[in-house]
Structures are given as structure tokens and as C-alpha cells.
Amino acid sequence: MKLFRKILIANRGEIAIRVIRACKELDIRTVAIFSDIERDALHARLADEAICIGPASPSQSYLNIPAILSAAELTDSEAIHPGYGFLSENSHFAEACATSGITFIGPSPESIKIGGDKSKARQVMKRRGIPVVPGSDGPVSTEEMAVRIAKKIEFPVILKASAGGGGRGMRVVGEEKELSQAFHMAQRESFSAFGSGELYLEKYLPSIRHVEVQIISDGKGNIVHLGERDCSIQRRHQKLIEEAPSPLSTEKFRKRIGELAVRAARAMKYKNVGTIEFIVDEDQTIYFMEVNTRVQVEHPVTEELTGIDIIKEQINIAAGLLLSLKQNQIKFSGHAIECRINAEDPERFIPSPGRISLFLPPGGPGVRVDTAAYTGWTVPSQYDSMIAKLIVHAKNREDAIAKMKTALDGFVIEGIKTTIPFHKKILNHLDFVMGDFDTHFLERINEQGNTGKSPS
Ligand code: ADP
């Protein structure tokens, strides 16, 4: 059975290429979109067809819903894959696709809405008996309300934006006298970043790990999880290194967190692939944090561990196929690590766009590079600074670390600055090697004090 004849990929960079490759293997034709500064971009070259949809500014190109839908109609595309970022979590876009008779490769607009309203998602989960961090039941509309709840659950607390993402609109509040200022700052930041100032509140847990679970659901009652990923190595709440399994995981832990994730997906009547993010505290208590209703940057570590192609699963489910996998058929083998290579100054973490004069990625068994970069390509300043994902897979964590260090040493990128030196520093740190870290790891190892500030 032919799944789709033609898919338009509403994205750019490495994820667009990742989707194009999956489509080619499935014998589906592809359409790339590009902004007018990305005529030479690899994703536009690798697709069967490519259409310029507007100027460099994302709002006029990769976020331009009418232009993207016109491109899909013009090319007679049956479905749109949104990748991650851009329009991938925009429920209006998913609705607009449906109205135009185009399949959106992702969950329903209703699921996207729940995922995009973190306070609501907490409530949905709490009602279903899935543990959430103690906090507010729904939004906190006034400062007085925030004080009342904070006193009840006891300081420190964390104010978060309901519409939040990427760590923005978050403030840790240590004591009552700091709350007023933090409330207004978080509200303002959230409003300017997301167009909504709605906040909610949680107890701030001082030492946690970020552990998330990949799920796949066909929307017809079949849901499996593909195990957990540990994403605790973060800088300003942004993930830098991800690995699977989590160094703290045991078979029992995986079963427990996996079952919680499947229950969470069921509670949302979820369809397609998604990620349930959890906080795990020092006692290994697991709390639901949020749902990501799209494919994630770090999906390759799970693919390496399970041998399952997550993008193909997305396409299969969007085409209406039933999930062919049963939970007991999913096997986890070895250990996988991903380093996000950003075009950034590794000392100051400011973007370093420009022309790449030499790009020589590493290789060898168990080494995967997902990238859209090449020698002579100019990293644009208008988009995300991540230019490559380096993923390794080995039989255990120790070997995976050794493989990653070798791959990082062999990765040649000249002409711009990258985060490779920073990754090497982490990979050589004893606490990382021992698997002994929480989300504050980077703050602690950075003597200059200019990375990973806590959300204050
Ligand atoms: P975003 O959607 O902006 O990424 P998240 O809710 O996923 O925000 O939180 C991002 C990070 O903030 C987490 O990975 C964790 O490091 C930290 N964090 C979130 N909630 C808490 C909490 N209640 N206590 C301590 N740290 C937290």
C-alpha cells in the first residue's frame, strides 16, 4: 500500500533532510520549502521539488501558513510534515491543513492545544492520577494568588508560563519578598515571547533530572513507549547532550516511567508520536512535567537504541496504519548519546554565524551525523544555531563516551566557532563519566559562571 504519493516538509536544516530521507526510503516524493536566503540549502537540493516561500524572516517564510499551504496545493502534496520548532506545535496550522484537505503529520489540533497549555496539561494528568509536582491547579492570575499557593506548598517555587517553551517565562522564587518582582517579570517575558502572560506555579525541586519518554500511539488504542532519554545536561534550560538509557535507569524504573507515559498519552487520546517529559527527584520520585506534541531534536538516541525509525512511524500513523509494534517486541540495546553542535562561541555562548570553510564530519561504526551543513555553506543568522547532531551508539555507556570523544576530536568545522570544545569538556568531566549529575551540572562545571544560570 502506498502511504502518501507526495509529502511537503514545512521545515529546514537537518530535520528537513531527516524527513526527506525517510520519505525516499518509503518511496514517497518530497517537496522542500526554503526562504530566499536558503537557495543553496541542502534540504532544498535533496528534495524532489523545492519551492521558495518568502524572505529570510521566519514570519514571512517558515512560519508563513498561507504561503506553505499554497506551496502544498501547487505541488499537489497530500501531507505536510512540520518537523520540530516553527509550525510543529501550532494547532491553527494543523487545523488549516485539515481544512485544505492536507494531512498534517502529527497529533490532532486538540492534543496540540493541550500540549501547548502546560497548566492545562498538568490538570488533565492530575485528574487521571498521574503525579505532578505540587503547585497551582490551573493558572495563577494574580500576585496575591501566587503568594497564597506558594505559602501552602512552601518556598522555593517556580513560576512558569502556561504557553512556555525553551525555558522562557520561568522564574525561581526563593522567598515571599521576591515573588512580586518575579511574577511581573515572568508575566512580561511570557507575554513578549508567547503572546500570553498566563502563569502557573510549581514547587521548585532543587536537584532533579530531566527524563522523558518517547511514545507512539495509533489513536486506535495501541500505544507503546520506546524507553526514556535523559536530558539533564542543560544550559539555561536548553538541552545540550541527551542520552538513552538514563544513567539512573533500571529495568524497573523504565517500566514505571514508561507506564506513566503511556497513561499520559491515553489521557490525552493522543495519536502519532510524542514525548512525555518528567522530572525525577533525588528519591527517584517521578513527576509529569509536559508533553511535546512533535518529533524531538533528540529522537535519534531512541532510534539507535531500539532500531525503530520514528519518522517512518509518524508517516505510517498519519496514513492511518495501525501500530504494528507490541510493547514486548521493543528491545533496548546498548547506549546512545547525542551532542548538539551549535554555531556558537563556546566560551560566551553567543551565535557564530558565517561561512564554513571546511566541514569534515566523523564516521565509523556507531557514529551518526544528522546535519544540513557542508563545506562552503553559510550558517544564516536568522535561524536556530544548531548545525549538526552527533550521535553515537555503543554496547554500553563507557564505550559510548569513548566513541563520542573520538568523534568530537575528529569533527572538523572551520570558519565559524562551534560548541565542540564545550562538549569535550563535559565528556571528560568525572561526574558526567560517573553518570552523577542533575540539571545544574553545567552551572557547577563552568568556572566563568557564564553558562546555565538557574532561572532567576
Ligand atoms: P520549557 O517548556 O520552557 O522547556 P519545562 O517545563 O520543560 O520548560 O522546564 C524546563 C527545565 O526547567 C526542566 O528541564 C528543569 O530543568 C527545569 N524545571 C522545570 N520545572 C521545575 C521544577 N518544578 N523544579 C525544578 N526545576 C524545574
Side-chain angles (χ1 to χ4, degrees), residues 1-11 14-32 46-48 72 76-84 87-89 93-94 97-98 101-112 115 212-227 229 244 258 261-262 264-266 268-276 291-332 368 370:
M1 186 196 112
K2 190 95 176 161
L3 299 164
F4 294 105
R5 231 179 340 91
K6 204 190 261 188
I7 291 177
L8 179 141
I9 298 116
N11 215 300
E14 69 84 21
I15 192 64
I17 294 174
R18 172 73 188 83
V19 177
I20 291 169
R21 289 193 179 123
C23 289
K24 280 187 194 285
E25 287 178 28
L26 293 169
D27 197 22
I28 298 170
R29 286 183 66 78
T30 51
V31 179
L46 291 179
D48 295 303
D76 204 13
S77 301
E78 291 174 288
I80 293 184
H81 193 300
Y84 54 68
L87 295 169
S88 60
E89 290 172 296
F93 181 56
C97 287
I102 294 166
T103 305
F104 176 79
I105 303 179
S108 66
E110 292 70 37
S111 289
I112 298 176
E212 58 185 35
V213 180
Q214 178 77 57
I215 57 102
I216 311 178
S217 168
D218 62 12
K220 299 183 173 93
N222 306 303
I223 309 181
V224 294
H225 71 82
L226 302 188
R229 297 186 281 258
V262 168
R266 230 179 263 292
M268 287 172 70
K269 299 190 174 61
Y270 199 85
K271 180 177 176 180
N272 214 288
V273 317
T275 299
I276 318 293
V291 187
N292 283 155
T293 56
R294 55 175 161 84
V295 68
Q296 283 189 281
V297 173
E298 59 272 24
H299 77 277
V301 291
T302 302
E303 294 186 324
E304 295 303 315
L305 216 64
T306 59
I308 294 168
D309 186 318
I310 292 170
I311 305 290
K312 286 187 188 165
E313 291 299 328
Q314 289 191 294
I315 296 171
N316 287 340
I317 290 165
L321 296 191
L322 286 176
L323 195 60
S324 58
L325 294 159
K326 297 267 174 294
Q327 190 65 52
N328 61 12
Q329 293 173 313
I330 296 162
K331 302 284 178 248
F332 304 94
R368 166 174 168 182
D370 282 17

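Residue numbers run from 1 in the order of the sequence given.
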To the nearest 0.5 Å, atom CG of Asp27 lies from atom CZ of Phe4 at 14.0 Å
Residues Leu8 and Ser77: closest non-hydrogen pair is CB-OG, 3.7 Å
Would you check if the side chain of Ser217 reaches a backbone N or O of Gly219 as a donor-acceptor pair within less than 3.5 Å?
yes
### Task
Check step by step if side chain to side chain contact (heavy atoms under 4.5 Å, CB included) holds for Gln296 and Ile310.
CA-CA 10 Å; Gln296 283 189 281; Ile310 292 170; over 6 Å; no
For this session: Taking the side chain as every heavy atom from C-beta outward, state whether Glu89 and Asn292 have any atom pair closer than 4.5 Å.
Result: yes
| message | Working note: Ile311 + Ile315, criterion side chain to side chain contact (heavy atoms under 4.5 Å, CB included); need CA distance, chi angles, decisive distance, verdict. | response | CA-CA 6 Å; Ile311 305 290; Ile315 296 171; 4.2 Å; yes
Side chains of Arg18 and Asp309: closer than 4.5 Å at any heavy-atom pair? yes
Correct closest heavy-atom pair for Asn272 and Ala318 would be ND2-N, 4.0 Å
Nearest heavy-atom approach of Asn11 to Gly83 is ND2-CA, 3.7 Å
The reported gap from CD1 in Ile105 to CD1 in Ile317 (rounded to nearest 0.5 angstrom) is 11.0 Å
Does the Thr30 side chain pair with the main chain of Ile20, one donor and one acceptor, at a distance under 3.5 Å?
no
Value for CD1 (Ile9) from CD1 (Ile15), rounded to nearest 0.5 Å, stands at 10.0 Å
Hits for side-chain contact (heavy atoms from CB on, under 4.5 Å) against Ala261, two or more places apart or cross-chain, chain-then-number order -> Val213, Ile215, Ile276, Phe278
The reported gap from CD1 in Ile28 to CG in Asp48 (rounded to nearest 0.5 angstrom) is 11.0 Å
Taken in chain and number order and not counting sequence neighbours, the residues that satisfy side-chain contact (heavy atoms from CB on, under 4.5 Å) with Ala94 are Phe104, Pro109, Ile112
task: Using atom types as modelled and distance alone, determine if a side-chain donor or acceptor of Lys331 lies under 3.5 Å from a backbone N or O of Asn328.
output: yes
For Ser88, the side-chain contact (heavy atoms from CB on, under 4.5 Å) test, sequence neighbours excluded, returns Pro82, Arg294
One should read off an interatomic distance between Leu226 CG and Gln327 CD, to the nearest 0.5 angstrom, of 7.5 Å
Here the gap from Ile216 atom CD1 to Ile308 atom CD1, rounded to the nearest 0.5 Å, amounts to 5.5 Å
> NZ of Lys269: more than 12 outside heavy atoms within 6.0 angstrom?
Replying inline: no
- Task: Using the side chain to side chain contact (heavy atoms under 4.5 Å, CB included) rule, take Val273 and Gln214 through it: C-alpha gap first, then chi angles, then the decisive distance, then the call.
- Result: CA-CA 7 Å; Val273 317; Gln214 178 77 57; 3.7 Å; yes
For this session: Please step through side chain to side chain contact (heavy atoms under 4.5 Å, CB included) for the pair His225 and Ile330, ending with a clear verdict.
Result: CA-CA 9 Å; His225 71 82; Ile330 296 162; over 6 Å; no
*Counting N and O atoms only, with roles assigned by atom type, does the side chain of Arg29 sit under 3.5 Å from a partner on the main chain of Cys23, one being a donor and the other an acceptor?*
no
Result for side chain to side chain donor-acceptor pair (under 3.5 Å) between Thr275 and one of Arg229, Glu212, His299 points to Arg229
Next item on the list: Please check if the side chain of Lys271 supplies one atom and the backbone of Ser111 the other of a donor-acceptor pair under 3.5 Å.
Entry: no
* Kindly indicate whether the side chain of Leu321, heavy atoms from C-beta on, has any atom under 4.5 Å from the side chain of Asp218. => no
